Amino acid sequence: MAKEIVVSGVRPTGELHLGNYLGAIKQFVELQDKYKTFFFIADLHAITEPQDPKKLGRQILEVAALYLACGLDPKKTTLFIQSQISEHLELSHILGTLTPVGELNRMTQYKEKIQEGQPANFGLFAYPVLMAADILVYNADAVPVGEDQRQHLEFARTIARKFNSRYGKMFREPKALTQKTGARLMGLDDPSKKMSKSAKSPDNYIGLLDNSDEIRRKIRVAVTDSGREIKYDSDRKPAISNLLSIYSLIANFPIPELEKKYKDRGYAEFKKDLGEVLVQKLSSIQKQYRALAKNQQKIKKILEDGAKEARKTAGKTMSEVRRKIGFLG
Ligand code: TRP
């Protein structure tokens with residue numbers, strides 16, 4: 001049987017952190033063995049918010065290098081830059097003609113961005129339509145999504161259904177691949193909010209490129225809960241639960257085993273060990289990253305090969321779509 005198809009994109013904005021790694025990248029690396037995977041750098045989505053043209057290119061290559069350093073393997077996965085496949089935009093326009101404006105108006109992410117003060121431009125408004133096109137142009141079976149992108153995936157399913165009923169069966173309705181529990185990391189300085197690089201303090205998150213001393217320090221100063229027991233209880237012990245999740249995901253070690261291991265040992269010792277586990281894992285990623293970053297030509301070549309491969313599938317989809325709609329040629 002042919003492998004199922006998985007598609008996902010990542011916006012090339014700013015520094016990637018541990019939350020991105022444990023919440024998404026690590027999962028991508030696991031998925032590439034089981035599925036036919038298309039992963040892309042969503043530069044078209046990035047410019048729905050202002051970007052510095054002098055920096056964007058570098059950010060794109062940086063994200064690609066980090067994904068490769070984390071274990072994405074160009075032999076197993078198709079890695080490319082979204083804007084290099086014009087079929088995404090072509091399909092986006094077509095799907096737009098099936099999209100009621102009122103539905104986009106109700107999108108949570110759009111409303112939040114406007115409230116944060118982002119200018120309400122048409123690209124930002126149409127963000128979910130382009131995202132649906134990203135997914136459907138490869139006829140994905142499944143999409144790994146975090147909680148914040150769930151509504152957009154639901155939108156993509158609806159629009160696939162609409163296209164099929166108007167023009168005849170064309171798209172599958174992609175299902176959500178949900179993350180393992182605990183994959184949503186919370187801030188180290190405030191476990192009531194998601195770990196985020198836009199947090200006020202850099203002590204909120206661990207950057208994938210933070211140096212070893214910085215990593216140890218951020219874990220050492222991370223907030224803890226009252227008491228001294230190392231126990232997972234997200235209501236009563238949100239901070240320790242978050243640190244347990246991190247430890248468990250990074251070391252591939254079940255939480256109950258960790259609780260056993262640290263029974264009768266204090267927070268300080270637990271944190272010290274966690275710091276070391278993180279340093280070990282991240283310094284190996286950083287080593288790969290530095291080797292790649294020196295060789296920009298190699299990254300560009302991987303992305304070009306990826307684009308060629310992606311274009312094959314996207315092109316096939318679009319000729320069928322054009323035919324179904326009644327376009328000529
Ligand atoms: N909107 C996604 C995010 O912010 C990125 C993205 C763009 C995406 N296109 C996609 C994710 C298609 C999955 C599938 O995280």
Side-chain angles (χ1 to χ4, degrees), residues 4-17 19-28 31-32 35-49 51 56 59-60 63-64 66-67 72 77-92 95-96 99 104 107-113 116 118 123-160 171-179 183-185 194-198 306-307 310 313-314 317:
E4 289 201 338
I5 296 169
V6 160
V7 172
S8 196
V10 53
R11 277 178 291 172
T13 46
E15 192 194 354
L16 291 173
H17 58 68
N20 302 119
Y21 176 66
L22 295 176
I25 310 176
K26 186 166 175 263
Q27 193 192 17
F28 290 5
L31 292 172
Q32 65 181 348
Y35 295 90
K36 179 165 174 59
T37 48
F38 294 92
F39 294 130
F40 60 88
I41 319 235
D43 54 348
L44 293 170
H45 276 112
I47 62 161
T48 60
E49 295 171 38
Q51 300 295 332
L56 187 59
Q59 281 167 209
I60 292 169
V63 170
L66 264 171
Y67 269 66
L72 275 195
T77 196
T78 304
L79 181 68
F80 61 99
I81 301 174
Q82 182 188 30
S83 67
Q84 293 182 355
I85 314 295
S86 52
E87 282 84 351
H88 290 227
L89 289 166
E90 191 182 351
L91 184 57
S92 178
L95 299 180
T99 304
L104 295 180
M107 286 287 170
T108 310
Q109 180 172 297
Y110 178 70
K111 288 194 291 193
E112 279 172 6
K113 299 261 172 191
E116 281 166 21
Q118 288 295 334
L124 186 63
F125 187 60
Y127 186 114
V129 186
L130 177 59
M131 180 163 158
D134 296 337
I135 296 168
L136 300 182
V137 85
Y138 302 103
N139 226 330
D141 295 283
V143 179
V145 278
E147 220 30 69
D148 61 332
Q149 295 299 311
R150 211 168 246 289
Q151 190 184 34
H152 290 162
L153 181 62
E154 202 44 56
F155 173 81
R157 292 166 55 88
T158 306
I159 203 126
F171 298 118
R172 293 190 273 268
E173 283 178 43
K175 56 179 186 283
L177 284 180
T178 40
Q179 334 261 35
R184 182 168 183 262
L185 298 194
K194 195 173 147 179
M195 184 179 283
S196 163
K197 62 198 167 204
S198 46
T313 306
T317 306

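Read the numbers this way: they start at 1 and go in the same order the structure lists the ligands and their atoms. What you see is a predicted model, and the numbers here were worked out from it, not measured in a lab.
- The part of Val143 lying near ligand 1 is the side chain, judged by heavy-atom distances below 4.0 Å.
- Residue contact check: Tyr127 has heavy atoms under 4.0 Å from atoms 1 (N), 2 (C), 3 (C), 4 (O) of ligand 1.
- Under a 4.0 Å criterion applied to the non-hydrogen atoms of Ile135, ligand 1 contributes the atoms 12 (C), 14 (C).
- Here Glu147 does not pair with Arg184 in a salt bridge; the nearest charged N to carboxylate O distance is not below 4.0 Å.
- Judged by distance alone, the side chains of Asp148 and Gln109 never bring a donor and an acceptor atom under 3.5 Å apart.
- Close approach to Phe40 involves these atoms of ligand 1, each under 4.0 Å from a residue heavy atom: 9 (N), 10 (C), 12 (C).
- For the salt bridge (Lys or Arg N to Asp or Glu O under 4.0 Å) criterion with Glu4, the lone passing option out of Lys175, Lys36, Arg172 is Lys175.
- Phe80 has its ring centre less than 6.0 Å from the ring centre of Tyr138.
- Annotation for ligand 1: atoms under 4.0 Å from non-hydrogen atoms of Ser8 are 11 (C), 13 (C), 14 (C).
- Of the residues Gln151, Arg150, Lys113, the one that meets the side chain to side chain donor-acceptor pair (under 3.5 Å) test with Thr108 is Gln151.
- Counting all heavy atoms, side chain and backbone alike, Val137 lies closest to Leu91 at N-CD2, 3.7 Å.
- Protein heavy atom at the shortest distance from atom 4 (O) of ligand 1 is Arg11 NH2, 2.9 Å.
- Using a distance-only test at 3.5 Å, with no hydrogens or angles considered, no donor-acceptor pair links the side chain of His88 to the main chain of Leu130.
- For atom 6 (C) of ligand 1, the closest non-hydrogen atom on the protein side is Gly9 O, 3.8 Å.
- With a 4.0 Å heavy-atom cut-off, ligand 1 is reached by the side chain of Gln149 but not by its N, CA, C or O.
- Near His45, meaning under 4.0 Å from one of its heavy atoms, ligand 1 places the atoms 7 (C), 9 (N).
- Protein heavy atom in closest approach to atom 9 (N) of ligand 1: Asp134 OD2, 2.7 Å.
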